[in-house]
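The next block holds one structure in the form of structure tokens; read it before the comments.
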Amino acid sequence: MESSQAVYEALKSAGIDFVVSLPCVNLGKIMEMVDCDSDIIHVPVTREEEGFGICAGAFMGGKNPAILMQNSGLGNSVNVLASLFKLYNFPILMIMSHRGTVGEFMSAQVPMGKATPRVLDALEIAYFHPKIPEEALKIIPEAWILAKTASAPLGILLDINFW
Amino acid sequence: MERIEAIKRIAEQLNDELVICNIGFPSRELYHVKDSPTHFYMLGSMGMASSIGLGLTLAQERKVVVLDGDGSVLMNMGSLVTIYNQSPENLILVVLDNECYGSTGSQCSYAKTVDLLELAKSVGFKETFLLKSDVDYKNFKNVLETKGPVFVHVKVDPGNADVPIIDLEPEKIKSRFMGEVKRID
Ligand SMILES: Cc1ncc(C[n+]2csc(CCOP(=O)(O)OP(=O)(O)O)c2C)c(N)n1
Ligand SMILES: [Mg+2]
């Protein structure tokens, strides 16, 4: 199964109807699919932090929100995750293209790539890393149920070899 | 006029509008002046009030009034660009501009030298208002009826009122606000 198709279908079966995004080379196709889907509100953002704020508002308006982001964007969003999402218990599904992992060709991606799991740990945000599309298809809907039940952000890390 | 007076004059004219209120003294002052389940007091996440407001407008149809601050708008300036592009008809972004970081001791912000109203206009906002005189405040009802996105620049003097902190748990603020959003949609 194709990786982008798997993530898109997983978001659909999870019932995600509100998506904010900021591109990564790996996310382009999913962004297009989401954009063409009239049952999903898609909001491209200027910075991931802003995207989290938008998703918190959308959740209070009755939506099931997700963010499509590169793991670098986690660094841009630490405070909003702690002092909005953790403070008020907001759920969100964080679909992260995890750069700087095995197979990375750009050295610039490595430091944040390494820090990513530990930043999530420090924020006490649980995450899964499905290795293949079939696994993502299964895990993502379950992860959203978990996020909603726990009223907490939940991460999906998709490393270089996933794509 | 200090911020609390501006908040009071605006809050008096609100009914069913949903309000997202900025971190620090703005939220404390609003809570003191008038509390309501229609208020979401943002206790942390500086800069995010306009973003939360945008998400809320896109998800449902009720009018949303964001009470933001100059320092916070400067921190999340991209939000103006996103709001302009998403163009929510039900969003009114009110910026209480005291040209400083009021809640942390009124240190100067760059709003002293950069006119936030001109900034909003240059981003593309078509509906912009300046509240300064008594008449401007009396006409706030017209602002509320304007098709958004609306940018409202409120010039106030620095100064925080002597009001207590908000004695509501964040979870409580969220759940009663969400109950209110569901009540009429
Ligand atoms: C990320 C972050 N940086 C700094 C602070 C400290 N802080 C809290 S409120 C505030 C001032 C906000 O200024 P403004 O938006 O103009 O609101 P005012 O209090 O002036 O009405 C600052 C700097 C913070 N809470 N979070
Ligand atoms: Mg200020």
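Throughout, protein chains are lettered first and strands after them, A, B, ... in sequence-line order, and every chain is numbered starting at 1. These numbers come from the heavy atoms of this one structure, side chains and all, not from hydrogens, waters or symmetry mates.
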Review point. Less than 4.5 Å apart, any side-chain heavy atom of A/Leu158 and any of A/Asn26?
Key: no
Review point. In residues 36-45 of chain A, which residues are in contact with chain B at a heavy-atom separation under 4.5 Å?
Key: A/Ile41, A/His42, A/Val43, A/Pro44, A/Val45
Check your understanding: Are any non-hydrogen side-chain atoms of B/Arg176 and B/Leu168 less than 4.5 angstrom apart?
Key -> yes
Point to revise | Interface moiety of B/Met46 toward chain A, non-hydrogen atoms closer than 4.5 Å | key: backbone
**Study point:** Polar contact flag, side-chain donor to acceptor under 3.5 angstrom, B/Thr104-B/Gln107
**Key:** yes
Point to revise | A/Tyr88 portion near chain B, given a 4.5 angstrom heavy-atom threshold | key: both
Point to revise | From CG (A/Leu22) to OG (A/Ser97), nearest 0.5 Å | key: 12.0 Å
**Study point:** chain A contact via B/Ile23 - side chain, backbone, both or neither, heavy atoms under 4.5 Å
**Key:** neither
Exercise for review: Output the option from A/Ile54, A/Thr46, A/Asn89 having the highest count of non-hydrogen pairs under 4.5 Å with chain B.
Suggested key: A/Ile54
Revision key, fill the gap. From the list B/Ile20, B/Leu43, B/Leu18, B/Val64, the residue making the most non-hydrogen contacts under 4.5 Å with chain A is B/Leu43
Check your understanding: Are B/Leu96 and B/Ile92 connected in the hydrophobic side-chain network, where two residues link if heavy atoms are under 4.5 Å apart?
Key -> yes
**Study point:** Distance under 6.0 Å and angle within 45° of ring axis: B/Lys174 vs B/Phe40
**Key:** no
Just distance, no hydrogens or angles: give the donor-acceptor pairs under 3.5 Å from side chains in residues 74-82 of chain A, sequence neighbours left out.
| unit_1 | atom_1 | unit_2 | atom_2 | d |
| --- | --- | --- | --- | --- |
| A/Asn76 | ND2 | A/Glu48 | OE1 | 3.1 |
| A/Ser77 | OG | A/Glu49 | N | 3.3 |
| A/Ser77 | OG | A/Gly73 | O | 2.7 |

Practice item. Heavy-atom pairs under 4.5 Å with chain A are the metric here; pick the option from B/Gly53, B/Gly78, B/Ser45, B/Ser50 that has the most. Key: B/Ser45
Review point. Taking every heavy-atom pair that is under 4.5 Å apart, which of B/Pro170, B/Ser79, B/Gly44 has the most such pairs with chain A?
Key: B/Pro170
**Study point:** Distance under 6.0 Å and angle within 45° of ring axis: B/Arg28 vs B/Tyr31
**Key:** no
Check your understanding: Between B/Val94 and B/His153, is a side-chain contact (heavy atoms from CB on, under 4.5 Å) present by the stated rule, with each step listed?
Key -> CA-CA 6 Å; B/Val94 177; B/His153 196 197; over 6 Å; no
Check your understanding: Got B/Leu54 and B/Thr82 here, is their nearest side-chain heavy-atom distance under 4.5 Å?
Key -> yes
Exercise for review: Please flag which part of A/Phe85 lies under 4.5 Å from any non-hydrogen atom of chain B: side chain, backbone, both or neither.
Suggested key: neither
